[in-house]
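Heads up, the thing below is written out as structure tokens.
Atoms considered below: every heavy atom in the structure, side chains included; atoms not considered: hydrogens, waters and symmetry mates. Since we're looking at a predicted model, the values are computed, not measured.
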Amino acid sequence: MGRLEGKSVIITGAGSGIGRAASLLFTKEGAKLIAVDRTEGVKETVELVKKAGGTAEAMQADAGSEKDVVAYIDKALSAYGKLDAIWANAGVSGGLVPLGEQTVEHWQEILRINLIGPFLAVKYATPHMIPMRRARPA
């Protein structure tokens, strides 16, 4: 039995990289996942989780959108009846655009996803975890 056996977990940015690796690790530890990413890569991650014997559902969503955050939390609650943990991993980089050529809109997009996204995840997830005492470390 893994350390996360039976736990319901949301991982954002699950379509590739660290998010995909975390999804596979959490699966190995027994978690049931809602894998979130704005790319189609999230579907491949869920297929990999299922091939590893895990339980996961994919959701394409924008981690910096309040409406999408509420939707992926609702999906976890609907699918698994609870939410034990959320890893707000989604993030984007500034790319290889020289600083002098970047626009305010470009930076606003980075801030929306990288800073507002985790804020929204915590804001909307904790009300479901605190009553079950899952918002604190075990």
If you look at every heavy atom in [X] and [Y], which pair is closest and at what distance?
X: Tyr72; Y: Ala61; answer: CD2-CB, 4.3 Å
X: Met59; Y: Asp68; answer: CE-O, 4.4 Å
X: Lys82; Y: Leu77; answer: C-CD2, 3.7 Å
X: Ala52; Y: Thr27; answer: CB-CG2, 4.4 Å
X: Leu33; Y: Ser23; answer: CD1-O, 3.4 Å
X: Val69; Y: Ala63; answer: CG2-O, 3.5 Å

Q. Between Glu29 and Lys7, does a salt bridge (charged side-chain N to carboxylate O under 4.0 Å, His left out) hold up when you go through it step by step?
A. CA-CA 9 Å; Glu29 291 294 329; Lys7 302 292 185 188; over 6 Å; no
Q. Any ion pair linking Lys32 and Glu57 (charged N to carboxylate O, less than 4.0 Å)?
A. no
**Q.** Presence of salt bridge, Glu109 and Arg38, under 4.0 angstrom
**A.** yes
[X]: partners by side-chain hydrogen bond (donor to acceptor under 3.5 Å, both in side chains), with sequence neighbours left out:
X: Arg3; result: none
X: Thr39; result: Asp37
X: Glu5; result: none

Q: Please indicate whether Lys75 has more than 12 foreign heavy atoms, meaning atoms of other residues, nucleotides or ligands, lying under 6.0 Å from its NZ.
A: yes
Q | More than 12 heavy atoms from other groups under 6.0 Å of CD1 on Ile18 | A | no
Q | Polar side-chain atom of Thr45 near backbone of Ala14 as donor-acceptor pair, under 3.5 Å | A | yes
Q. Picking from Ile34, Val9, Ile10, what satisfies side-chain contact (heavy atoms from CB on, under 4.5 Å) with Ile86?
A. Ile10
Q. What residue pairs, at least two apart or across chains, pass side-chain hydrogen bond (donor to acceptor under 3.5 Å, both in side chains) with a residue in residues 8-18?
A. none
Q) At what distance, to the nearest 0.5 angstrom, does OG1 of Thr103 lie from CD of Gln108? A) 8.0 Å
Q | Glu101 side, atom CD; His106 side, atom NE2 - distance, nearest 0.5 Å | A | 11.0 Å
Do any side-chain atoms of residues 113-125 form donor-acceptor pairs under 3.5 angstrom with protein atoms, and if so which ones, sequence neighbours left out?
residue: Asn114; atom: OD1; partner: Val92; partner atom: N; Å: 2.8
residue: Asn114; atom: ND2; partner: Val92; partner atom: O; Å: 2.7
residue: Tyr124; atom: OH; partner: Glu66; partner atom: OE2; Å: 2.2

Q: Give the intermediate values and the outcome of side-chain contact (heavy atoms from CB on, under 4.5 Å) for residues Thr55 and Lys50.
A: CA-CA 6 Å; Thr55 301; Lys50 289 179 178 180; over 6 Å; no
Q. With sequence neighbours excluded, what pairs up with Lys43 under the salt bridge (Lys or Arg N to Asp or Glu O under 4.0 Å) test?
A. Glu40
Q) Would you say Val36 and Ile11 make side-chain contact, with heavy atoms under 4.5 Å? A) no
